[in-house]
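Because only heavy atoms are used, hydrogens play no part in the values below, and waters and symmetry mates are left out as well, while side chains stay in. For ligands, and for the atoms within them, numbers begin at 1 and follow the listed sequence.
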Amino acid sequence: MERSALESDIQFLPGVGPKRAELLRKELGINTFGDLIRLYPFRYIDRSSIVPIREIRPDMAYIQVKARVLARELYGSAGVIAADNIYGQNQDVSGNGAPAATGSGADIRFNLVRRMRVVVEDATGRLELVFFKGIKWMYGKLEPGKEFIFFGKPTVFNGLVNIVHPEVDNAPDRQSTRSGNARQAPAGGVRNTVQQTDALTMTGVYPSTERLKNGGITGKAMCRMQEHALNACLPDIEETLPVWFLKQQGLVPLPFALKNIHFPKDQQSLERARYRLKFEELFFLQLSLLKQKYIHSRDEHGIQMPKVGEAFNRCYEALPFPLTGAQKRVITEIRNDMKSGHQMNRLLQGDVGSGKTMVAVLTALIAIGNGYQACIMAPTEVLAQQHFKNISKYLEPTGVRVALLTGSSRTAERREIHAGLEDGNIGIIVGTHALIEDDVLFRNLGLAIVDEQHRFGVEQRAKLWRKSACGMPPHILVMTATPIPRTLAMTLYGDLDVSVIDELPPGRKPVQTIHASENRRPALFKFMRDQIALGRQIFVVYPLIFESEKMDYKNLENGYEQIAKAFPFPPYRTAIVHGKQSNEEKKFNMDAFAAGRANILVATSVIEVGVDVPNASVMVIESAERFGLSQLHQLRGRVGRGSEKSYCVLMTGQKLSKESRHRIQLMCSTENGFELAEEDMKMRGPGDLEGTQQSGLPISLNIASLAKDGLILNVARSCAEAILEEDPTLSLDKNLLLMQELKKDKYNIKDYSKIS
Ligand code: ADP
Ligand code: MG
């Protein structure tokens, strides 16, 4: 059987060869022609507009200049080696015997040349171009008097605007105009081959790396490769969406989309191509997630819990405050799931302090009321302890027995708890990963609540799922304070239902957020002393990022010493908590702070989730520019829980990138977690929401952006829903293509239904 061009090894593409193929493989994961044409430009350069030199500003993005070469100057390490004078004649200015430059550069010892400066001119002014590499060739090409199109990004050096390493094209001859209407549309609409010609006014810019560029795969080379690959593949490209569906959704065919994403015929074709490709990506993502959900909900019966129960009512009546509207709504949603006879798989999102614990307790009590047990799992020991403390308080009026099981539970205690869980004496168990160890057995686990779900690994959640003894899976409630934008939640958890607590309990005081840089540290320390004098407590948090762990611990230690010096004992007491301590040490220090024995808690971001110390009213975040917005927001949520006015101080270095400054400013101006999460996602991509080590998405998106393409995602999702509604197994003839596409490896998503 003849193989499709799509599958041809990339090394056989003209201009590639084994060496570049290796590069493409390593740097971009491209193995075949087909892989290459699915590498899309991430932006386009308008090649139709030429900027007059006089109008160039250093803050412009990529621009195009049409100019004549005036002079070239070659510099070695000791100064000028050779230069054209402004009239185009050559001059030996080196005075050290180096040969004068000539048009071809034949006698120049290029191995001594470190840099070339080229002055070009158009009718409006002069511009300097700088080259560090490939100088010999460029020197030969850029003969004085000749005109070229230069393309690059203007920068400022020593107060002058220049362009470093511009791309150089021959200026088009006078006849061929660059305006759009000069282009001939071939009869019959779509052309069958693509050609990169002057007539195309938009050029794609592809993802690249330093290694690719050094290996000769420049932007221009990439465009040429795409042209070759497309021409080879076009006859073999097969549609992935059924024709009826293309028609229904007004989508352009795949070949058209691929052609125009690389070499747009015009703006409109580009838009249609882009829409089609984004849609396709999001649609299949949703389709694969939802298909599992459909099959799952059809196969998996859930434990029916028809009652609310007495324990629930007793707890509810004894609550020290009325539930917020959002809490009530969410509890109703959960309640409906639990009585439906299907397994609940629900994600509960709520900003820090929105009152998720209360919802968890009431949910657990529904399970109790129907004769089942519930477990509540937290990501850290400290959090589990805190949950246990709070939950015990809420449960007092109910008489339900609750226990705590963590890694540091003693053997005797552990044995007792195991027994209590097996005979059903313990109704609710709170704990850490210790809960999912094999020797923990339940009499009849009916509900598992997982707090801060993203810190649990996949297998760990799967284990939890298997703990049910009655043959039916427990209901699952996943709680997260990371305010994931709805579009992202839908994609990350395509098979989970999502509930949102979008309202904070009344009376919460806003946290005043302040940005300060290092030179303000004396003022910060004074402010801290003043706050301590008022009886307040203070968090000081240092970043701890996996990749730079060693440095981070060094910074933490230095910071701790600095604080210990500035806040000496007596009268001040400072505690420190970090990941290298034993659980006992951590607990000892946390407790000291929580009980008010320490004024300051120095910590790494381990305190990010959950710790509740109402008297702590100041949060100082060191190197704040290194945190993502969502993380900063989480940290800030640790204060503002008491009755006192609270502050969050973001300490940063003196110099900040534009992006960092923007983020810090945003933090100072809003306390809306969702707004921050959206912004975070726009700037850092969805991956970072899940922490530095997790990619987040079950499959990687090539062209669609969850932050920007929410509307397309919504359409894609309803289409997927409608199709599955009619044909849950995709076995109808008209859906054959869809089924085939879903069988591809990339949609082989981990089975979420068995996980949460
Ligand atoms: P989360 O876990 O969502 O960050 P918590 O459940 O820890 O938030 O609740 C934060 C604080 O708000 C707790 O001190 C809790 O007692 C209080 N709280 C919860 N619900 C309400 C409510 N409806 N009205 C007033 N206070 C509430
Ligand atoms: Mg909480």
- Message: Looking only at distances, can you tell me whether any N or O atom of Gly350, backbone or side chain, sits closer than 3.5 Å to an N or O atom of ligand 1?
- Response: no
- Message: Could you check whether any side-chain N or O of Arg636 sits under 3.5 Å from a backbone N or O of Met667, counting only pairs where one atom can act as donor and the other as acceptor?
- Response: yes
- Presence of salt bridge, Glu333 and Lys328, under 4.0 angstrom: no
- Record the part of Leu323 in heavy-atom contact with ligand 1 below 4.0 Å; permitted values are side chain, backbone, both and neither. backbone
- Task: Please confirm whether the backbone N or O of Asn444 pairs with a side-chain atom of Gln373, one donor and one acceptor, at under 3.5 Å?
- Result: yes
- Message: Below 3.5 Å, N or O to N or O, backbone or side chain included: is there any such pair between Phe321 and ligand 1?
- Response: no
- Can you find an N/O atom of Pro322 closer than 3.5 Å to an N/O atom of ligand 1? yes
- Query: Does any N or O in the side chain of Glu413 come within less than 3.5 Å of the main-chain N or O of Arg410, such that one atom is a donor and the other an acceptor?
  - Reply: yes
- Item | Part of Met479 with heavy atoms under 4.0 Å of ligand 1, whether side chain, backbone, both or neither | neither
- Query: Within a reach of under 6.0 Å around CZ of Arg529, are more than 12 heavy atoms found that belong to other residues, nucleotides or ligands?
  - Reply: yes
- Item | Candidate with minimal heavy-atom separation from atom 2 (O) of ligand 1, of Ile501, Thr357, Leu319, Leu348 | Thr357
- Message: I'd like to check which ligand 1 atoms, numbered from 1 as shown, lie under 4.0 Å from a non-hydrogen atom of Gly355.
- Response: 1 (P), 3 (O), 5 (P), 6 (O), 8 (O), 9 (O), 19 (C)
- Within the side chain of Arg414, is there an N or O that forms a donor-acceptor pair under 3.5 Å with the backbone of Gly407? yes
- Message: Within the 4.0 Å heavy-atom shell around Thr324, which atoms of ligand 1 are there?
- Response: 23 (N)
- Message: Could you work out, with side-chain hydrogen bond (donor to acceptor under 3.5 Å, both in side chains) as the rule, every residue matching Lys339, not counting sequence neighbours?
- Response: none
- Note on the structure: Any heavy atom of Asp351 under 4.0 Å from ligand 1? The part involved is backbone
- Message: Taking 4.0 angstrom as the limit and counting only heavy atoms of Gln327, give me the atoms of ligand 1 inside it, by number and element.
- Response: 19 (C), 20 (N), 22 (C), 23 (N)
